[in-house]
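One structure is given here, and the rest of the page talks about it.
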There are 2 protein chains.
Amino acid sequence: MISIYDIAKEAGVSKSTVSRVVNNQPGVIDSKREKVLQAIEKLDYKPHSAARNLALKKTNVVAVFVRELSANFYAEFVHDINHIFDDEFNYGAIYCNRNSHSPSRVDYLGLVNKSVDGYIFIGEDSVTEKELEVLVRAGESVVVLGTNLKVDGVLSIDVNNYEVTYEAIKHLIDLGHQKIIHIGAAETSVEFQERHRGYEQALKDFGLTYNSSRNIGYEYEDAYQYGLILADEVFKEGLTAAFCFNDTAAVGLINGLQEKGIKVPKDFSVVGFDDLPLVRMTKDYIPPLTTIRQPQKDMAIYAVHSLHDMMNHVKKTENRVYKCELKIRETTSKPR
Amino acid sequence: MISIYDIAKEAGVSKSTVSRVVNNQPGVIDSKREKVLQAIEKLDYKPHSAARNLALKKTNVVAVFVRELSANFYAEFVHDINHIFDDEFNYGAIYCNRNSHSPSRVDYLGLVNKSVDGYIFIGEDSVTEKELEVLVRAGESVVVLGTNLKVDGVLSIDVNNYEVTYEAIKHLIDLGHQKIIHIGAAETSVEFQERHRGYEQALKDFGLTYNSSRNIGYEYEDAYQYGLILADEVFKEGLTAAFCFNDTAAVGLINGLQEKGIKVPKDFSVVGFDDLPLVRMTKDYIPPLTTIRQPQKDMAIYAVHSLHDMMNHVKKTENRVYKCELKIRETTSKPR
DNA sequence: CTGAAAGCGCTTACAG
DNA sequence: CTGAAAGCGCTTACAG
């Protein structure tokens, strides 16, 4: 491979001079600058980034970790974050899958150590508290998004899961529902736990006794199958509403229920979470979803800007809890 | 930050010895190994990857580039590739968005130069021919997936777009369709061009004179809007079938058409492309899609294995064109 | 089994 | 404006 030394030789100057022109520094006479540029062009020279990173102790790259890159909700974040880095800063963002369900032999954090200036972790499965502590002790800049993890020195951005769930359940109760089920993905999820708290508190505050939570997994198909099963309980137990952990689950559930002849919202009300654009695909068949919108874009912007500030020690950054908005649309109505 | 030198001092040995235990090399007496391990634990030591990369001239990381990480079809590839690297090799994979539609100030290829052992580019918008040539000249290992780019020294994996499109059009013709429209995303797309060739050849071979291609953009909404418009042409010109560049477009088109009272497949036949699992979400409202399945998983496996072989100079690898399969389901039928 | 030394490809005071 | 030299944190022959 060709190095800075080769360019120096080709152009008849020193490595120092080559370095200066590569980095667009002033104080190089035009004639030499030109020679260097030509040599670079001629030999297809690209600086070796590991060498540069080592010398500069910075990389102009940040790492973004998510549980599963192709998961819908996270994909939006990934998209936004990428664009913000692109548009506003001269930073590259790289992405890593962090699927905790498959015990991975790859230690990304070790792999990536110091080859990155900052870290963004999205979703609670993307990182552990212990890992965060190690990063902080190493002086890294890190922000976590939607994890519920609180570690000194890492900036945390989250959403008011408890309150907004309370609000959604209250909405159902106000409509007259008495038997409302809470559907989550995985019990271990802090998200689930927070929302579960909101669910139970609302039941309690309004004196409802029916109290049932179920975790069904992350996939559309899980929700669809569960809808099929749930139909029975609707008939037997007089269930009239469900609060779902995301929109994909809500759509799956609705499809499963309707398959069994239970119409939404006439016979049954459903609340989703996330307000995914994806749901457009079903828009002509399923009523617009009552759901909860997270201020995703704002969160992404704040995440990127804060990380940037942290990396440049610009100023103190502060944790933030964003408020979600209950979007009442057409999958919830009075029970009949 | 703490370096190998700090560990050496703490453990009372030389850097060489520390390096040996960090890399699990034999030939270190147990008592010293233990001391080093303790020092590492105590000081939270992680090797600086840039330094190691520079010394070793290898990184154990590959980069995967796609146009848009959150795009549906690519997301599947990303998912598969990640899992294969995880399961079979001790390699990390990092992902980069390469959205050519937003002129980016970030030169990923430069950023990532030599901080990665190999490259996978997915989809034609992920890389240019010129970039590939530069990488080859620099001796990099690179594979391209679904790009139609042929550059000496880069392994190319693609799909028989021309043939399978021909087959799909023939299927429609066999059913009795005479006016078939070809719907693409962007004219500049080689994918479009290949499929267009297949479309035109089939028309020609079977003596059809109606010949019309349209490019409508990549999003669901584009297709839906276009479906609304297309409805008119169906009435006026007697169009009876469409071949779409992907399933999302097919669903959007169907929704648009049905909105205007045109039923699929009774009044109009539609063929999709990709056989996305995503389409499940509409399965209770739209008939199962006649579409084209790409052997995606096989392609991902071959891509990862080939790249691994190239990086280790194990053996010659060969370009591959995978055959797609026309899945005849329920959105195509005889015209009425 | 162990350590001193050279080298990986860059950057950047420093001296001129 | 320019170059020689030291240094970034690691690895690995080499000598002992």
*Exercise: do B/H308 and B/E88 side chains pair donor with acceptor under 3.5 Å*: no
*Nearest-Å distance for atom pair CG/C1', residues A/N24 and C/dT11*: 15 Å
_Side-chain (A/E131) to main-chain (A/T128) donor-acceptor, under 3.5 angstrom_ = yes
*asked:* Does atom NZ (B/K35) have a neighbourhood of more than 12 heavy atoms from anything else shown, all under 6.0 Å?
replied: no
*Quick one: do the A/E191 and A/N148 side chains pair a donor with an acceptor below 3.5 Å?*
no
*Starting at atom CD1 of A/I7, determine the distance to atom P of D/dT2, rounded to an integer number of angstrom.*
17 Å
*asked:* Does C/dG3 have OP1 or OP2 under 4.0 Å away from a side-chain N or O of B/Y5?
replied: no
*Using the C1' atoms only, state how far C/dG16 lies from C/dT12, rounded to an integer number of Å.*
16 Å
_With a 4.0 Å limit, can you tell me whether B/K57 has a side-chain N or O closer than that to the phosphate oxygens OP1/OP2 of C/dG9?_
yes
*For A/R52 and C/dG9, is the shortest distance between a side-chain N/O and OP1 or OP2 below 4.0 Å?*
no
_Atom-pair distance (NZ on A/K58; C1' on D/dG9), nearest Å_ = 19 Å
Every protein N/O lying under 3.5 Å from an N/O of nucleotides 13-16 of chain D:
residue: D/dA13; atom: N6; partner: B/R20; partner atom: NH2; Å: 3.4

*Considering only C/dC10, D/dG3, C/dT12, which nucleotide approaches the side chain of A/L56 most closely?*
C/dT12
*Please confirm whether the backbone N or O of A/T59 pairs with a side-chain atom of A/D117, one donor and one acceptor, at under 3.5 Å?*
yes
_Minimum heavy-atom distance between A/L43 and A/I2, given as atom pair plus value_ = CB-CD1, 3.6 Å
*Take atom NZ of B/K15 and atom P of D/dT11, then tell me their distance rounded to the nearest Å.*
10 Å
*Considering heavy-atom distances to DNA chain C, does B/V28 or A/V18 have its closest nucleotide positioned more toward the 5' end?*
B/V28
_On the nucleotide D/dC8, are OP1 or OP2 found under 4.0 Å from the side-chain N or O atoms that A/N53 carries?_
no
*Consider the side chain of A/T17, meaning its heavy atoms from C-beta on, and name the nucleotide among D/dT2, D/dC10, D/dC8 that approaches it most closely.*
D/dT2
*Check whether any side-chain nitrogen or oxygen of B/S3 sits under 4.0 Å from OP1 or OP2 of D/dG9, and answer yes or no.*
no
*Sort by first number and list every stem of DNA chain C: at least 3 consecutive Watson-Crick or G-U wobble pairs, both distances under 3.5 Å.*
C:1-3 with D:14-16, C:5-12 with D:5-12, C:14-16 with D:1-3
*Under 3.5 Å, is there a donor-acceptor pair linking the side chains of A/R52 and A/N23?*
yes
*Just checking, any donor-acceptor pair under 3.5 angstrom between side chains of A/Y95 and A/N82?*
yes
*asked:* Output the rounded distance in Å from CG (B/N23) to P (D/dT11).
replied: 5 Å
*Could you give the NE2-to-P distance, from B/H48 to D/dG7, as a whole number of Å?*
17 Å
*Determine the contact category for B/K32: base if any of its heavy atoms lies under 4.0 Å from a base atom, sugar-phosphate if only primed atoms, P, OP1 or OP2 are that close, otherwise nothing.*
sugar-phosphate
*In this structure, are over 12 heavy atoms from other groups packed under 6.0 Å from A/K58 atom NZ?*
yes
*To the nearest Å, give me how far apart CD1 (A/I4) and P (D/dA4) are.*
13 Å
_Is it true that, when you exclude B/K150 itself, more than 12 heavy atoms of the residues, nucleotides or ligands shown sit nearer than 6.0 Å to its NZ?_
yes
*asked:* Could you tell me how far apart B/Q25 (CD) and C/dG3 (P) are, to the nearest whole angstrom?
replied: 14 Å
